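These numbers come from a predicted model, not from an experiment.
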Amino acid sequence: MFEHNASKEHKGTMASLDRCNQPIEKVISAAVRRCDDAALNLFRAAYLVGKVSLPFTTFPEMCKMLKQMTDKIPRGLYQDDKACAEMICCSSQVLQARVLDRVRASVFFGIMIDESTDVSTTGHLVVFCTFIENGQVKTAFLGLIHIPNKDAAAITAILINRLHEWNLDIKRFVGFGSDGAASMLGSKNGVAARLRRMLNPFLTVTHCVAHRTNLASLQAAKNTNCKRVSDEVDTILNSVSGYFSHSAKRKAALYSLQETLDDCRRSMKRYCKIRWLSRTAAVTTLCDSYESVLVFLRDKDDDVAKCLFGKLRDFRMLYIIYFLADILSSIASLSKIFQKSNVDVSAVGALVSTTCTEIEMNYLLETTDLNAKDRDEVTGYHYLPDFGLPGGYLRRLQSELRGSKQFHSVELLRSVDGNDLEAALKFQKDFAAALVEALQDRFQDNTLVSSFRIFNPREVPRSAMAMRDWGCKELERLCAFYGEDRTSEVLGVVPALVAPASIKGPDDASEILTDALTLWKNASEYRFLYSNPDVYL
């Protein structure tokens with residue numbers, strides 16, 4: 001057998017077979033490449049469907065279009081909606097794996113979650129992750145987790161299991177963020193409290209600041225002194241929006257009227273409680289086209305139009321709507337700042353404090369006495385007081401109305417004695433005061449996150465007097481939380497992250513002063529003091 005394998009005849013035959021097999025391998029390799037290219041085109045189409053949130057049923061039509069553009073596409077295979085779902089699922093797994101690799105490479109990471117319910121009333125948990133990459137903070141979407149129950153215990157168990165499945169180091173899990181639901185941030189049995197007990201006792205918990213801004217706005221509207229008028233405004237806003245949105249003819253006529261009167265060409269918005277600050281969009285849209293809406297309703301004969309026209313031409317309601325557009329615009333600006341990708345969370349307290357001060361200065365400081373207030377000599381109506389943001393809606397109303405009841409081409413229902421203005425100003429002060437109170441209540445400066453501002457160079461005081469005690473309280477708070485050993489159900493005893501003594505230095509400054517005195521005594525130019533104490537002491 002060995003002699004045959006070593007013979008020339010055997011070697012020649014094997015060489016011929018190798019030459020024959022080589023073209024077959026090339027053919028197979030080329031066929032595989034063509035299949036991969038064709039399948040990759042299908043994946044590109046499926047990726048586009050998922051990226052722009054198109055229905056899976058559009059995938060077959062997209063494949064037909066691809067056939068007209070290229071021949072690198074399978075003939076009738078994998079071109080239905082089920083294949084599209086499978087391709088999107090595979091793409092999602094690859095994207096998630098790459099994000100997880102980046103998270104695992106980070107020294108620390110945090111998780112942000114929120115509950116959601118789809119059209120089939122199925123509960124999901126939306127999970128985002130914040131991590132450090134190349135010295136910068138990054139945020140990425142991690143996944144959508146199905147949750148059969150929305151209680152805190154079930155959400156916590158599912159989240160912990162998923163962290164283990166993702167092979168993430170629990171010791172690096174240092175931050176948790178969510179909305180303010182009791183199931184999430186309950187002090188004893190919320191998801192955040194359970195994660196602290198079970199995983200990391202040093203977990204830093206943050207309530208979404210943009211969500212808190214919306215809650216403060218809702219809380220102000222529910223104030224006992226404001227609720228009745230706020231509900232009245234919401235009803236009018238939704239009625240106006242419904243009146244135009246339910247008829248394409250009315251909407252087109254309103255657009256034409258807006259162009260004629262040089263108003264903003266915008267459709268009326270509805271107020272919806274579940275949409276953040278949707279009342280802001282509703283009142284600002286109405287104010288931008290107030291004259292067009294009034295003129296349109298005035299020229300209609302139906303009962304709904306007459307009813308809405310009577311409510312909107314009332315001076316009290318006009319002033320209140322303009323006031324809400326003015327003050328809620330500042331709250332919307334604050335919310336947009338909080339939603340920026342590079343917002344400094346340690347500066348949240350300062351931003352809220354600045355907004356509260358602006359509200360007090362623009363809506364609360366002036367004491368209006370209508371008896372002493374100037375009136376228009378011709379009409380006898382009071383001039384509007386100087387409230388509102390510079391260039392805002394109230395300032396615009398002041399210039400458009402002044403001391404009359406004529407709002408552009410529409411005559412308002414206004415009282416000469418000023419009762420309607422007095423009622424509107426009362427609501428203004430009640431709502432502004434309630435909003436400031438709600439913001440201060442929702443953003444109390446008692447969190448660990450606000451204490452980190454002492455590490456922000458922009459927060460450092462410029463004067464030596466202010467520097468003397470600056471940061472002492474914040475440092476005490478940070479050391480009290482991170483400077484003590486804590487226990488975890490999973491990790492056991494977790495040692496302190498920092499040593500307070502190494503951060504704050506010796507408690508008694510006498511040690512430092514004693515060492516400094518010794519150094520000073522050893523200096524040759526100061527020895528004469530100790531050689532002649534009777535002379536100098």
Residue pairs fulfilling salt bridge (Lys or Arg N to Asp or Glu O under 4.0 Å) with at least one residue in residues 218-230, sequence neighbours excluded
Lys227-Asp231
Any side-chain heavy atom of Tyr322 sitting closer than 4.5 Å to one from Asp326?
no
Check whether His146 reaches the backbone of Gly123 with its side chain - one donor and one acceptor, N or O, closer than 3.5 Å.
yes
Quick note, ring-ring contact (aromatic ring centres under 6.0 Å, His included) partners involving residues 464-487, not counting sequence neighbours, are none
How long is the gap from CZ on Arg212 to CG on Asp441, to the nearest 0.5 Å?
10.5 Å
Quick one: does Asn214's side chain have a donor or acceptor within less than 3.5 Å of a partner on Leu277's backbone?
yes
Quick one: pull up CG in Leu237 and CG in Leu312 and give me the separation to the nearest 0.5 Å.
9.0 Å
Under 3.5 Å, is there a donor-acceptor pair between the side chain of Asn223 and the main chain of Asn225?
yes
Verify, without hydrogens or angle tests, whether Thr355 (side chain) and Leu351 (backbone) share a donor-acceptor contact under 3.5 angstrom.
yes
Those residues that, when tested against His207, pass ring-ring contact (aromatic ring centres under 6.0 Å, His included) (two or more places apart):
His211
Is the distance between the ring centroids of Phe109 and Phe173 less than 6.0 Å?
yes
Has the side chain of Asp417 got a donor or acceptor atom that lies under 3.5 Å from a matching backbone atom of Asn419?
yes
Residues two or more places apart in sequence or in another chain: which of them pass ring-ring contact (aromatic ring centres under 6.0 Å, His included) with Tyr319?
none
In the structure I gave you, are the side-chain heavy atoms of Thr284 and Leu328 within less than 4.5 Å of one another anywhere?
no
Salt bridge (Lys or Arg N to Asp or Glu O under 4.0 Å) involving Glu358 - partner list, sequence neighbours excluded:
none
Please collect all salt bridge (Lys or Arg N to Asp or Glu O under 4.0 Å) contacts where either partner lies in residues 282-291, sequence neighbours excluded, each pair once.
Arg266-Asp288, Asp288-Arg396
Minimum heavy-atom distance Ala496-Gly483, with the two atoms named:
CB-C, 3.5 Å
For residues 309-319, the salt bridge (Lys or Arg N to Asp or Glu O under 4.0 Å) pairs (sequence neighbours left out) are Glu232-Arg316, Asp314-Arg316
Run the side-chain contact (heavy atoms from CB on, under 4.5 Å) check on Val174 and Phe202 step by step: do they pass?
CA-CA 7 Å; Val174 297; Phe202 295 109; over 6 Å; no
Applying salt bridge (Lys or Arg N to Asp or Glu O under 4.0 Å), which residue pairs with at least one partner in residues 137-150 are found, sequence neighbours left out?
none
Tell me, yes or no, whether the heavy-atom count around Asp485 atom CG, taken from other residues, nucleotides or ligands under 6.0 Å, exceeds 12.
yes
Would you call Leu144 and Val126 a side-chain contact if the rule is heavy atoms closer than 4.5 Å?
yes
Where do Trp166 and Leu163 land on the side-chain contact (heavy atoms from CB on, under 4.5 Å) test, with the steps shown first?
CA-CA 5 Å; Trp166 290 335; Leu163 290 176; 4.3 Å; yes
Between Thr487 (side chain only) and Val493 (backbone N and O only), is there a donor and an acceptor less than 3.5 Å apart?
no
About how many Å separate OH of Tyr290 and CG of Leu261, when rounded to the nearest 0.5 Å?
15.0 Å
Quick one, Val295 and His408 - any side-chain contact, counting heavy atoms below 4.5 Å?
no
Under the ring-ring contact (aromatic ring centres under 6.0 Å, His included) test, residues paired with Phe452 that sit two or more places apart:
none
N/O donor-acceptor pair under 3.5 Å between Asp263 side chain and Ser292 backbone
yes
Does Ala438 have any side-chain contact (heavy atoms from CB on, under 4.5 Å) partners at least two apart in sequence or in another chain, and if so, which?
Ala216, Gln219
Work out which heavy atom in Ile454 is nearest to a heavy atom in Gly471; give both atom names and the distance.
CG2-CA, 3.6 Å
Rounded to the nearest 0.5 Å, what separation is found between the OG1 atom of Thr139 and the CZ atom of Phe128?
8.5 Å
Closest heavy-atom pair and its distance - Lys269, Ala282
O-CB, 3.7 Å
4.5 Å side-chain heavy-atom contact, Gln428 and Ile320:
no
So does Phe141 have more than 12 non-hydrogen atoms from other groups sitting under 6.0 Å from CZ?
yes
Heavy atoms only: give me the nearest Arg265-Tyr255 pair and the separation to one decimal.
NH2-CD1, 3.1 Å
One should read off an interatomic distance between Ser217 OG and Ile327 CD1, to the nearest 0.5 angstrom, of 9.0 Å
With sequence neighbours left out, what residues match Gln406 under side chain to side chain donor-acceptor pair (under 3.5 Å)?
none
List the residues meeting side chain to side chain donor-acceptor pair (under 3.5 Å) with Tyr271, not counting sequence neighbours, and say none if there are none.
Arg279
Can Ser289 and Gln258 be counted as having a side-chain donor-acceptor contact under 3.5 angstrom?
yes
Stepwise side-chain contact (heavy atoms from CB on, under 4.5 Å) check, Leu159 with Leu195:
CA-CA 9 Å; Leu159 185 60; Leu195 289 174; 4.1 Å; yes
Are the side chains of Val348 and Phe338 in contact, using a 4.5 Å heavy-atom criterion?
yes
Indicate the atoms forming the closest heavy-atom contact of Arg414 with Asp420, along with that distance.
CA-OD2, 3.3 Å
Assess the residue pair Arg162 and Leu142 against the criterion (side-chain contact (heavy atoms from CB on, under 4.5 Å)); give the C-alpha distance rounded to whole Å, side-chain angles, the decisive distance to 0.1 Å, and a yes or no.
CA-CA 11 Å; Arg162 193 54 62 96; Leu142 268 186; over 6 Å; no
To check you understand the geometry: which heavy-atom pair defines the closest contact between Leu425 and Pro385, and what is its length?
CD2-CG, 3.9 Å
Checking ring-ring contact (aromatic ring centres under 6.0 Å, His included) between Phe323 and each of Tyr363, Phe387, Tyr393, which is the one that passes?
Tyr363
